[in-house]
Amino acid sequence: MTTPGSAASELRAAARHLGRRRFLTVTGAAAALAFGTNLPQTAQASPTLSPMKLTEEPFTLGVASGDPQPDSVVLWTRLAPRPFEPDSGLPAKAVTVHWEIALDERFRRVARRGTATAHPEYHHAVHVEAAGLRPGADYFYRFRAGAWISPVGRTRTAPAAGAAPAALRFALAACQRYDHGYYTAFGHLAAEQDVDAVLHLGDYLYEYAVGAAAGSRGYTGDRALPAHFGKETLTLEDYRLRYSLYKSDPDLQAAHAAHPWIVTWDDHETENNYADDVPENSVPPEEFLIRRAAAYRAYWENMPLRRPQRPAGADLRLYRRLHYGTLAQIDVLDTRQYRDDQANGDGWKLPTPESRDPSRTMLGAAQERWLADGWRTSRATWNVLAQQVVLARRRDRVEGPWPLSMDAWDGYPAARERLLAAADTAGVRNLAVLTGDVHVHYGLDLKRDADDPASRTVGVELVTSSVTSGRDGAERPANWQALMDANPHLRFYDGRRGYLLLGLTEERLRADYRTVPAVTTPGAPVTTAASFVSEAGSPGLRRV
């Protein structure tokens with residue numbers, strides 16, 4: 001157990017430095033070979049494959065767009081004629097891919113077109129930063145490789161920097177374990193109208209083994225999965241194949257094609273409950289960092305992310321800021337890569353001097369400064385935090401002593417206090433925190449003092465349930481009454497699967513909690529379980 005104060009902080013920093021140094025020295029040659037020189041930016045031209053030699057459909061994983069700016073958006077696809085094979089059915093040669101983006105679905109009014117290279121070093125992924133677009137406009141895009149044309153995707157740019165949009169609408173999603181059920185929620189999300197962007201809050205995939213039957217999906221016969229999915233992801237090949245499995249789902253493809261996505265990760269994209277370079281199990285940090293490098297690289301390859309998010313070895317700067325005119329500033333956080341290890345052995349534990357250590361961090365010093373600086377200069381009506389783990393205080397019983405989740409912000413109370421103090425100092429009046437991770441819908445008022453239910457409400461936290469993780473769930477889980485009684489600031493709790501729709505205007509925020517009754521069988525309908533509003537300038541959730 002660490003001791004509180006600066007000494008503990010210095011010890012942790014020294015240990016982290018030694019771990020990184022060992023990573024660079026003990027495993028430097030292997031890491032450089034795997035994640036440094038194996039990149040397409042070399043002086044020698046790489047061999048190319050004529051697109052006309054593509055004899056099988058290469059766009060099996062669909063298309064996607066993301067990170068909208070007023071004049072540009074990222075367009076993504078990956079060539080994979082045989083996605084369940086390690087090389088996706090392609091030789092180790094680059095392929096030229098044509099792309100175009102238009103104002104109409106029939107591509108009669110093409111706005112921009114060009115070519116991109118699908119490099120084998122990036123598993124034939126394509127990232128196009130289409131620029132010169134109109135702000136706040138809908139576009140349609142597609143790719144072509146040889147005689148093959150991709151499905152058409154729809155995307156939308158952000159409003160102009162000084163624009164004051166009348167309304168914005170976002171969808172929140174998280175936690176989509178493939179073998180826990182069907183992506184029915186994504187099918188319904190794809191059909192939602194007038195969505196500016198989908199905010200995916202983490203656990204896009206899970207590292208756990210997937211059996212031939214794909215768990216709750218019950219695959220048999222020709223649908224049975226290859227044996228190589230039946231192991232935990234550790235290597236770059238493992239993570240790449242897992243993305244191929246997830247992205248083969250038609251409902252997930254439909255949701256990507258229907259709306260632009262803004263993504264961040266949680267833990268399972270790499271390993272359950274890891275913290276910076278500290279793995280879940282007793283693996284040396286230098287060994288875990290090689291695994292993390294593989295996970296981060298595969299994540300970038302498969303997400304519609306811009307060049308600044310391209311990984312460098314075991315590091316990837318995922319936190320970033322997006323603006324939607326003067327109505328919303330969205331700060332996308334990374335609560336995994338820079339955090340101190342969970343206190344008290346993780347899990348739900350009683351707070352101790354270790355968890356209360358004022359030097360403990362969830363975001364790391366640089367990200368904390370970046371967030372505070374962004375709030376100080378924000379002129380947006382709504383300041384939105386897209387992040388992973390529950391920020392608000394949660395108790396699981398009415399009477400103390402109260403164990404708290406060491407993996408969530410309850411395990412980092414000093415870091416939470418710094419975050420809320422930074423919002424106070426910056427004069428943030430309309431704070432909306434968006435969260436995933438816990439596989440349930442929550443609606444929470446954020447209190448300035450978590451120990452005092454009567455303290456000032458400084459914002460709201462909207463927690464979206466999982467898409468499938470946890471299987472079907474229930475409207476009122478076994479702990480529903482205990483949590484509602486123990487947490488007066490908890491306004492809503494529903495344990496079914498689904499997603500959340502977030503609407504913003506100058507006057508109010510609206511949250512619509514969408515649920516499906518089952519994911520272990522396909523085709524379930526979607527309903528709105530509850531709707532809440534929070535008035536601008538007077539935070540607090542009110543049911544409507």
Side-chain angles (χ1 to χ4, degrees), residues 61-62 64 66 76 83 170-192 195 197-211 214-219 225 229 232-233 239-259 261-273 295 298-299 302-304 336 386-389 434-441 463-473 494-501 513-524 526:
L61 303 180
W76 174 95
F170 300 99
L172 281 56
C175 304
Q176 55 200 57
R177 184 164 169 174
Y178 187 86
D179 53 333
H180 275 194
Y182 292 89
Y183 291 162
T184 308
F186 278 136
H188 292 298
L189 194 158
E192 296 283 359
V195 172
V198 174
L199 298 167
H200 196 284
L201 303 172
D203 293 344
Y204 188 97
L205 60 69
Y206 282 70
E207 77 279 23
Y208 304 131
V210 180
S216 296
R217 297 191 179 218
Y219 291 170
L225 298 179
F229 290 114
E232 185 164 330
T233 54
Y239 285 105
R240 283 172 165 174
L241 282 166
R242 194 59 53 87
Y243 280 105
S244 293
L245 174 63
Y246 278 54
K247 284 180 169 290
S248 68
D249 184 273
D251 286 327
L252 178 57
Q253 288 188 22
H256 271 299
H259 316 293
W261 284 40
I262 299 167
V263 301
T264 187
W265 56 36
D266 194 13
D267 52 342
H268 288 290
E269 288 90 350
T270 301
E271 183 194 46
N272 179 56
N273 281 17
Y299 184 84
N302 286 281
M303 295 294 138
R336 282 292 161 193
Q387 57 102 52
Q388 295 79 13
V389 293
L434 314 180
T435 302
D437 182 56
V438 289
H439 309 168
V440 298
H441 281 318
V463 181
T464 184
S465 187
S466 66
V467 172
T468 58
S469 302
R471 298 184 173 86
D472 290 337
D494 190 306
R496 290 172 290 185
R497 307 294 153 244
Y499 55 96
L500 193 155
L501 295 175
Y513 291 89
R514 304 280 273 165
T515 60
V516 294
V519 295
T520 54
T521 55
V526 67

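Along the sequence shown, residues are numbered consecutively beginning with 1.
At a threshold of 4.5 Å between non-hydrogen side-chain atoms, the residues L201 and D437 do not count as touching. When side chains are defined from C-beta on, H441 counts as touching T464, because their heavy atoms get closer than 4.5 Å. At a threshold of 4.5 Å between non-hydrogen side-chain atoms, the residues H200 and M303 do not count as touching. Between H180 and D472, the closest side-chain pair of non-hydrogen atoms is not below 4.5 Å. You'll find the side chain of L61 stays beyond 4.5 Å of the side chain of Y243, heavy atoms only. Y182 has its side chain out of reach of D251: every pair of non-hydrogen atoms, C-beta onward, lies at least 4.5 Å apart. Put simply, the side chain of V263 reaches to within 4.5 Å of the side chain of Y299, judged on heavy atoms.
Here the closest heavy-atom approach between residue G436 and residue A174 is recorded as CA-CB, 4.0 Å. Looking at every heavy atom in both residues, T521 comes nearest to T184 through O-OG1, 4.4 Å. The nearest pair of heavy atoms linking P304 to G66 is CB-N, 3.6 Å. Here the shortest heavy-atom pairing between A524 and A518 reads CB-O, 3.4 Å.
If you take CG on N272 and OH on Y208, they are separated by 3.5 Å, rounding to the nearest 0.5 Å. Here the OH-CG distance, from Y513 to L172, works out to 9.0 Å after rounding to the nearest 0.5 Å. Annotation: the span from Q176 atom CD to L205 atom CG amounts to 8.0 Å, rounded to 0.5 Å. With values rounded to the nearest 0.5 angstrom, L434 atom CG is found 10.0 Å from I262 atom CD1.
R497 places a side-chain N or O within 3.5 Å of a backbone atom of S469 that can act as its donor or acceptor partner. Between the side chain of S244 and the backbone N or O of P83 there is at least one donor-acceptor pair closer than 3.5 Å. No donor-acceptor distance shorter than 3.5 angstrom exists from the side chain of H439 to the backbone of S466, with no hydrogens or angles considered. Side-chain N or O atoms of W261 include one that pairs as donor or acceptor with a backbone N or O of A255 at under 3.5 Å. Between the T520 side chain and the G181 main chain, no donor and acceptor come within less than 3.5 Å of each other. No donor-acceptor pair closer than 3.5 Å links the side chain of T264 to the backbone N or O of Q387. E269 places a side-chain N or O within 3.5 Å of a backbone atom of D203 that can act as its donor or acceptor partner. In this structure, H259 contributes its side chain and L189 its backbone to a donor-acceptor pair below 3.5 Å. Distance alone, capped at 3.5 Å, is enough to place a donor-acceptor pair between the Q253 side chain and the K247 backbone.
For the 3.5 Å distance criterion, the side chains of E207 and T270 fail to qualify, holding no donor opposite an acceptor.
By the 4.0 Å N-to-carboxylate-O rule, R217 lies too far from D179 to be salt-bridged with it. Here R514 pairs with E192 in a salt bridge; the nearest charged N to carboxylate O distance falls below 4.0 Å.
Ring geometry for Y246 versus Y183: interplanar angle of 30 to 60°, hence tilted.
Aromatic pair F186/H256: centroids not less than 6.0 angstrom apart.
Each of Y178, Y204, Y206 was evaluated against H268; a single residue qualifies, Y206, per the ring pair (Phe, Tyr, Trp, His ring centres under 6.0 Å) test.
In this structure, R242 fails the cation-pi test against F229, since its NZ or CZ atom is not both closer than 6.0 Å to the six-membered ring centre and inside 45 degrees of the ring normal.
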